[in-house]
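Quick notes on the structure that follows.
These numbers were taken from a predicted model, which means no experiment stands behind them.
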Amino acid sequence: MNFRVRQIELEDLAGFREALTRVAAERKYLLTVEPPSLENMEAYVRHNIEQNHAQYVALVEQRIVGWADIIPHVRESVRHVARLGMGVLPECRGQGIGNQLLERAMAHAWEQGLKRLELEVFSNNEVALNLYRKHGYQVEGVKRFARCIDGEYQDIVVMGQYRI
């Protein structure tokens, strides 16, 4: 599968929202099961572009098939810390898209001077856990029974890495 990865642009808003909506609708990989409003998403993307935060999209032809963002916390004492969020459309998984997205977003985050990157992932998402380990993330803890969806409880694995 031919794909390319680049920093997000405002023109990507609809495609990004569509991809997020599809992954959220799976009710497996994201905490959110419904996307934010278009207005909130636009404000989020606009802010990330203006601040040059690490927000990337993967495209097949002109269609957004995945995203990764590493966005710093806003409080002064933790501005050196950023949180990863990412997703890839089901039909595009296993093609190296997540790997490329993560590589690009992490390189950007480190170049911005961030010192700590962190994420949360469901404990049953072995593919994601392996990807994050491959990129230097280490398990820092587990939140037991942290998510309940459709009557099933899931643990959340907290992972992080730092460069001081």
Exercise. Under a 4.5 Å side-chain heavy-atom rule over Ile, Leu, Val, Met, Phe, Trp and Tyr, are V139 and M106 clustered together?
Worked result: yes

Exercise. What are the two closest heavy atoms between A105 and A54, and how far apart are they?
Worked result: O-CB, 3.4 Å

For this session: Answer yes if Y137 and L129 sit in the same cluster of Ile, Leu, Val, Met, Phe, Trp and Tyr residues linked by side chain heavy atoms under 4.5 Å apart, and no otherwise.
Result: yes

Side-chain donor-acceptor distances from residues 141-150 under 3.5 Å, at least two apart:
unit_1 : atom_1 : unit_2 : atom_2 : d
K143   : NZ     : E120   : OE2    : 2.7
R144   : NH1    : D155   : OD2    : 2.9
R147   : NH1    : Q154   : OE1    : 2.8
R147   : NH2    : L30    : O      : 3.0
D150   : OD1    : R27    : NE     : 3.4
D150   : OD1    : R27    : NH2    : 2.8
D150   : OD2    : R27    : NE     : 3.2

Seminar exercise, completed: Residues passing the salt bridge (charged side-chain N to carboxylate O under 4.0 Å, His left out) test with R133, sequence neighbours excluded, are none

Exercise. With sequence neighbours excluded, what pairs up with H47 under the side-chain contact (heavy atoms from CB on, under 4.5 Å) test?
Worked result: Q51, H53

For this session: Check whether any side-chain heavy atom of M159 lies under 4.5 Å from a side-chain heavy atom of L84, and answer yes or no.
Result: no

For this session: Output all residues satisfying side-chain contact (heavy atoms from CB on, under 4.5 Å) with A19, sequence neighbours left out; order by chain, then residue number.
Result: I64, W67, L89

For this session: Measure the shortest side-chain to side-chain distance between V65 and M1 over non-hydrogen atoms and say whether it is less than 4.5 angstrom.
Result: no

Exercise. Can you name the closest pair of heavy atoms from R22 and P90 and give their distance?
Worked result: NH2-CD, 3.8 Å

For this session: Establish whether L119 and Y162 are linked, either directly or via other cluster members, by ILVMFWY side-chain heavy-atom contacts under 4.5 Å.
Result: no

Exercise. Applying ring pair (Phe, Tyr, Trp, His ring centres under 6.0 Å), which residue pairs with at least one partner in residues 75-108 are found, sequence neighbours left out?
Worked result: Y56-H108

Exercise. Got V45 and D12 here, is their nearest side-chain heavy-atom distance under 4.5 Å?
Worked result: no

Problem set entry | Cluster check F16, V60: I/L/V/M/F/W/Y, side chain < 4.5 angstrom | yes

Exercise. Side-chain heavy atoms under 4.5 angstrom apart, residues restricted to Ile, Leu, Val, Met, Phe, Trp, Tyr: same cluster for L117 and V158?
Worked result: no

For this session: Tell me, yes or no, whether the heavy-atom count around E26 atom CD, taken from other residues, nucleotides or ligands under 6.0 Å, exceeds 12.
Result: yes

Problem set entry | All side-chain contact (heavy atoms from CB on, under 4.5 Å) counterparts of S37, not counting sequence neighbours | E39, N40

Exercise. Any donor and acceptor pair, going by atom type alone, linking the side chain of R104 with main-chain N or O of V5 inside 3.5 Å?
Worked result: yes

For this session: Answer yes or no: are there more than 12 heavy-atom neighbours, outside E126 itself, under 6.0 Å from its atom CD?
Result: yes

For this session: Could you tell me which residues satisfy side-chain hydrogen bond (donor to acceptor under 3.5 Å, both in side chains) with E9, sequence neighbours excluded, listed by chain and number?
Result: none

For this session: Could you tell me whether the side chain of L20 reaches within less than 4.5 Å of the side chain of M41, counting heavy atoms only?
Result: yes

For this session: Could you name each residue pair satisfying salt bridge (charged side-chain N to carboxylate O under 4.0 Å, His left out) that touches residues 49-78, not counting sequence neighbours?
Result: R63-E91

For this session: Please write out which residues are connected to L31 in a hydrophobic cluster, directly or through intermediates, given that two of Ile, Leu, Val, Met, Phe, Trp, Tyr count as joined at side-chain heavy-atom separations below 4.5 angstrom.
Result: F122, I156

Seminar exercise, completed: Those residues at least two apart in sequence (or on a different chain) that pass side-chain hydrogen bond (donor to acceptor under 3.5 Å, both in side chains) with E103 are N99

Exercise. What heavy-atom pair brings G98 and M86 nearest, and what distance separates the two atoms?
Worked result: O-CE, 3.4 Å

Exercise. Looking at L101 and A58, what are the two nearest heavy atoms and their distance?
Worked result: CD2-N, 3.7 Å

Problem set entry | Where T32 and A24 come nearest, the two heavy atoms and their spacing | O-CB, 3.6 Å

Exercise. R116: what forms a salt bridge (charged side-chain N to carboxylate O under 4.0 Å, His left out) with it, not counting sequence neighbours?
Worked result: E118, E140

Exercise. Looking at side-chain heavy atoms only, is the closest gap between R46 and L10 below 4.5 Å?
Worked result: yes

For this session: Find the distance between CG (L114) and NE2 (H73) and round it off to the nearest 0.5 Å.
Result: 9.5 Å

Seminar exercise, completed: side-chain contact (heavy atoms from CB on, under 4.5 Å) filter on N125, not counting sequence neighbours, yields Y29, V121, V127, A128

Problem set entry | Backbone N/O of K115 and side chain of R163: donor-acceptor pair under 3.5 Å | no

Problem set entry | Considering all heavy atoms, the nearest V23-V88 contact | CG2-O, 3.7 Å

For this session: Answer yes or no: is there a side-chain heavy-atom contact under 4.5 Å between N48 and I8?
Result: no

